[in-house]
Amino acid sequence: MVDCSTANPEATERLAKTVERQGAILVDAPLARTPREAKDGRLNVMVGGDASTVSRITPVIESFAENIFHIGKVGSAHKLKLINNFLSLGTAALVSEAATMAAGMGVSQDKLLEICSQGGANSAMLAPVMEWVLQKECTKLQFSLGNAEKDMTT
């Protein structure tokens, strides 16, 4: 079984033991990126499981993934996925706060993006959040706060 959800790592570890008692193997393989990359078969996949099982399932995962990362034992990929989401969402929140601060101070949002994208403030979240700020729409960042809340309370 390959679990591509974002789940509670402790539940994943318990489920893996239950599945093993039934003579099967569970691997956690949460996904990263947006629906756009999913349509293009370019997802990032973090995989938790023993090396031989991961090796056997890799050809299947390659059919929809651009990058595959073997994280470690079962449950470890779900742990890293939650940490990745926490870091990504925290960065998005920080960029949002900076845009709000700039607007309140009369600083150009275009200049904020121009300057921040050229230095240490640049991140994978800067451009998508600023796209929403500048264009009032965002095609790159497709993740809801409701989904984030689910992940952070898992």
Side-chain angles (χ1 to χ4, degrees), residues 1-101 112-113 116-117 120-154:
M1 291 173 67
V2 180
D3 179 357
C4 290
S5 70
T6 300
N8 180 320
E10 293 169 355
T12 301
E13 292 165 351
R14 284 192 307 271
L15 182 59
K17 290 177 184 172
T18 300
V19 167
E20 186 176 352
R21 286 193 296 271
Q22 300 298 316
I25 298 171
L26 175 74
V27 173
D28 55 321
L31 311 173
R33 289 192 163 161
T34 70
R36 181 186 321 191
E37 285 87 9
K39 287 178 187 174
D40 294 340
R42 296 181 44 244
L43 291 171
N44 288 337
V45 183
M46 296 159 259
V47 185
D50 68 84
S52 65
T53 302
V54 171
S55 179
R56 284 194 345 244
I57 66 170
T58 293
V60 175
I61 296 173
E62 286 174 336
S63 71
F64 60 86
E66 181 174 24
N67 299 297
I68 302 169
F69 305 94
H70 182 198
I71 305 307
K73 65 182 185 172
V74 68
S76 64
H78 278 152
K79 290 174 184 176
L80 186 53
K81 170 64 176 181
L82 293 175
I83 294 166
N84 179 70
N85 284 4
F86 176 75
L87 184 57
S88 297
L89 293 167
T91 303
L94 190 57
V95 172
S96 299
E97 290 294 331
T100 300
M101 181 185 295
L112 173 67
L113 177 58
C116 290
S117 65
N122 196 14
S123 72
M125 285 298 183
L126 178 65
V129 171
M130 291 306 295
E131 176 185 343
W132 179 81
V133 170
L134 294 168
Q135 300 171 14
K136 306 297 185 235
E137 67 175 88
C138 183
T139 60
K140 295 178 187 148
L141 186 61
Q142 299 177 3
F143 194 84
S144 73
L145 288 178
N147 205 3
E149 180 181 22
K150 170 198 64 79
D151 291 349
M152 299 315 295
T153 57
T154 297

How far apart are the closest heavy atoms of M130 and A99, and which atoms are they? SD-CB, 4.0 Å
Got a donor-acceptor contact below 3.5 angstrom from the D28 side chain to the G75 backbone? yes
Please find the pair of heavy atoms, one from V129 and one from S96, that lie closest to each other, and give the distance. CG1-OG, 3.7 Å
Do V19 and Q22 come within less than 4.5 Å of each other through their side chains, counting heavy atoms only? no
Say whether, by atom type as modelled, one donor and one acceptor occur between the side chain of E37 and the main chain of T34 under 3.5 angstrom. yes
Between H70 and A51, which heavy-atom pair has the shortest distance, and what is it? CE1-CA, 3.7 Å
What distance do M46 atom CE and K79 atom NZ have between them, rounded to the nearest 0.5 Å? 14.5 Å
Closest non-hydrogen atoms of V47 and A77, given as atom of the first, atom of the second and distance, are C-CB, 3.6 Å
Taking side-chain contact (heavy atoms from CB on, under 4.5 Å) as the definition, give me every residue that meets it alongside E20, ordered by chain and number, with sequence neighbours left out. none
Would you compute the distance between atom CD1 of I71 and atom NZ of K81 and round it to the nearest 0.5 angstrom? 11.5 Å
CG of L26 to CG of L15: how many Å apart, nearest 0.5 Å? 5.0 Å
Heavy-atom check, side chain of L82 versus side chain of H78, under 4.5 Å: no
Taken to the nearest 0.5 Å, the spacing of L94 CG from M125 CE works out to 12.0 Å
Return a table of donor-acceptor pairs under 3.5 angstrom between the side chains of residues 53-61 and protein atoms on other chains or two or more places apart.
{"residue": "T53", "atom": "OG1", "partner": "D50", "partner atom": "OD1", "Å": "3.1"}
{"residue": "T53", "atom": "OG1", "partner": "D50", "partner atom": "OD2", "Å": "2.9"}
{"residue": "T58", "atom": "OG1", "partner": "V54", "partner atom": "O", "Å": "2.6"}

Please list, chain by chain and in numerical order, all residues satisfying side-chain contact (heavy atoms from CB on, under 4.5 Å) with E97, sequence neighbours excluded. none
Value rounded to 0.5 Å, distance of OG in S117 from CG in L112: 9.0 Å
Atom pair CG (N67) and CZ (R42), whose distance is rounded to the nearest 0.5 Å: 9.0 Å
Quick check: closest heavy atoms across A65 and V45, and the distance to 0.1 Å? CB-CG2, 3.6 Å
More than 12 heavy atoms from other groups under 6.0 Å of CD on E10: no
Taking the side chain as every heavy atom from C-beta outward, state whether L31 and F64 have any pair of such atoms under 4.5 Å apart. yes
Smallest separation among heavy atoms of E13 and V74, with atom names: CG-O, 3.9 Å
Begin with the C-alpha distance, continue with both residues' side-chain angles, and end with the deciding distance and a verdict on side chain to side chain contact (heavy atoms under 4.5 Å, CB included) for D40 and R36. CA-CA 6 Å; D40 294 340; R36 181 186 321 191; 4.2 Å; yes
